[in-house]
Undergrad: 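One structure, as structure tokens, below. Some questions next.
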Amino acid sequence: MTLMMFGSYGEGIFGISSTISCNFCIRGQVASAAGSLCIKKLILIELKTAPADFRFPTTNQTRHCFTRYIEFHRCVAAKGEDSGECEKFAKYYRALCPGEWVEKWNEQRDNGTFPGPL
């Protein structure tokens with residue numbers, strides 16, 4: 001069964017919750033005003049990114065990204081991979097860093113050629 005989603009999106013910015021009112025319908029059906037053919041669903045989405053850091057005041061966040069990546073791996077090294085305390089650093093670097101950079105850095109760490117201080 002294929003579902004189509006359409007609806008109106010609430011206003012919101014990063015760090016503030018937004019609500020999305022959606023109609024989910026089976027392909028070929030049309031949503032009626034009463035909603036009798038479709039299921040109405042309210043979805044709450046919370047968008048967050050890394051908080052502002054006074055060490056990186058400019059719009060270029062390259063250094064901020066690299067620092068957060070290093071902080072995460074230092075935390076994992078100190079507290080272990082199972083520690084939930086390092087998860088905030090992971091969220092920060094994943095929000096700031098392009099995926100290609102992270103993949104490259106992970107490969108460099110595996111090969112022992114990573115240029116940063118871990």
Side-chain angles (χ1 to χ4, degrees):
M1 174 172 46
T2 304
L3 297 177
M4 297 185 311
M5 184 179 81
F6 57 96
S8 59
Y9 296 87
E11 292 183 20
I13 58 172
F14 283 104
I16 297 179
S17 298
S18 299
T19 57
I20 301 173
S21 176
C22 299
N23 292 323
F24 293 91
C25 298
I26 299 172
R27 180 177 270 167
Q29 292 182 341
V30 179
S32 66
S36 61
L37 297 176
C38 297
I39 303 167
K40 275 204 142 177
K41 189 173 187 179
L42 183 64
I43 302 170
L44 178 65
I45 297 176
E46 188 172 357
L47 302 174
K48 288 187 176 181
T49 188
D53 191 328
F54 69 91
R55 297 175 294 178
F56 310 102
T58 63
T59 56
N60 185 348
Q61 294 295 302
T62 303
R63 189 167 169 216
H64 190 182
C65 152
F66 188 72
T67 300
R68 293 299 189 173
Y69 180 84
I70 290 173
E71 287 175 340
F72 168 72
H73 288 288
R74 282 183 177 169
C75 180
V76 168
K79 299 183 182 193
E81 287 190 33
D82 297 334
S83 175
E85 297 175 37
C86 303
E87 189 59 33
K88 67 178 181 179
F89 295 118
K91 288 180 183 178
Y92 296 164
Y93 89 75
R94 289 178 186 141
L96 292 166
C97 301
E100 295 84 18
W101 293 5
V102 173
E103 289 174 12
K104 179 181 173 187
W105 294 337
N106 287 338
E107 287 176 14
Q108 288 175 337
R109 281 187 325 100
D110 293 340
N111 296 333
T113 60
F114 184 71
L118 295 175

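FYI, side chains are in, hydrogens and waters are out, and symmetry mates aren't considered; it's all heavy atoms of this structure.
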Undergrad: Roughly how far apart are Leu96 CG and Gln61 CD, rounded to 0.5 Å?
TA: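 Spacing of CG (Leu96) from CD (Gln61) equals 6.0 Å.
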Undergrad: Could you name each residue pair satisfying side chain to side chain donor-acceptor pair (under 3.5 Å) that touches residues 88-100, not counting sequence neighbours?
TA: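 Qualifying pairs: none.
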Undergrad: Step by step, would you call Trp105 with Phe66 a ring pair (Phe, Tyr, Trp, His ring centres under 6.0 Å)?
TA: CA-CA 10 Å; Trp105 294 337; Phe66 188 72; 5.2 Å; yes
Undergrad: Side chain to side chain contact (heavy atoms under 4.5 Å, CB included) with Pro117: which residues, sequence neighbours excluded?
TA: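 Once residues adjacent in sequence are excluded, the partners of Pro117 under the side chain to side chain contact (heavy atoms under 4.5 Å, CB included) criterion are Ile70, Arg74.
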Undergrad: Can you sort out the partners of Arg109 under side chain to side chain contact (heavy atoms under 4.5 Å, CB included), two or more places apart, ordered by chain and number?
TA: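 Only Tyr69, His73, Asn106, Phe114, Leu118 meet the side chain to side chain contact (heavy atoms under 4.5 Å, CB included) criterion with Arg109.
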Undergrad: Only counting residues at least two apart or in another chain, list the ones meeting side chain to side chain donor-acceptor pair (under 3.5 Å) with Thr62.
TA: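 Residues passing side chain to side chain donor-acceptor pair (under 3.5 Å) with Thr62: Asn60.
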Undergrad: According to disulfide bond (SG atoms under 2.5 Å apart), does anything in residues 77-118 pair up with another residue at least two apart or in another chain? List the pairs.
TA: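 Qualifying pairs: Cys65-Cys97, Cys75-Cys86.
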Undergrad: Report, as yes or no, whether the 6.0 Å neighbourhood of atom CG on Asn111 holds more than 12 heavy atoms from other residues, nucleotides or ligands.
TA: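 More than 12 heavy atoms, drawn from other residues, nucleotides or ligands, come within 6.0 Å of this atom.
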Undergrad: Glu85: which residues meet the side chain to side chain donor-acceptor pair (under 3.5 Å) condition with it, sequence neighbours left out?
TA: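 With sequence neighbours excluded, Glu85 shows a side chain to side chain donor-acceptor pair (under 3.5 Å) to Lys79, given in chain and number order.
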Undergrad: Quick one: list whatever passes side chain to side chain contact (heavy atoms under 4.5 Å, CB included) with Glu71, sequence neighbours left out.
TA: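 Glu71 satisfies side chain to side chain contact (heavy atoms under 4.5 Å, CB included) with Arg55, Thr67, Arg68, Phe89 only.
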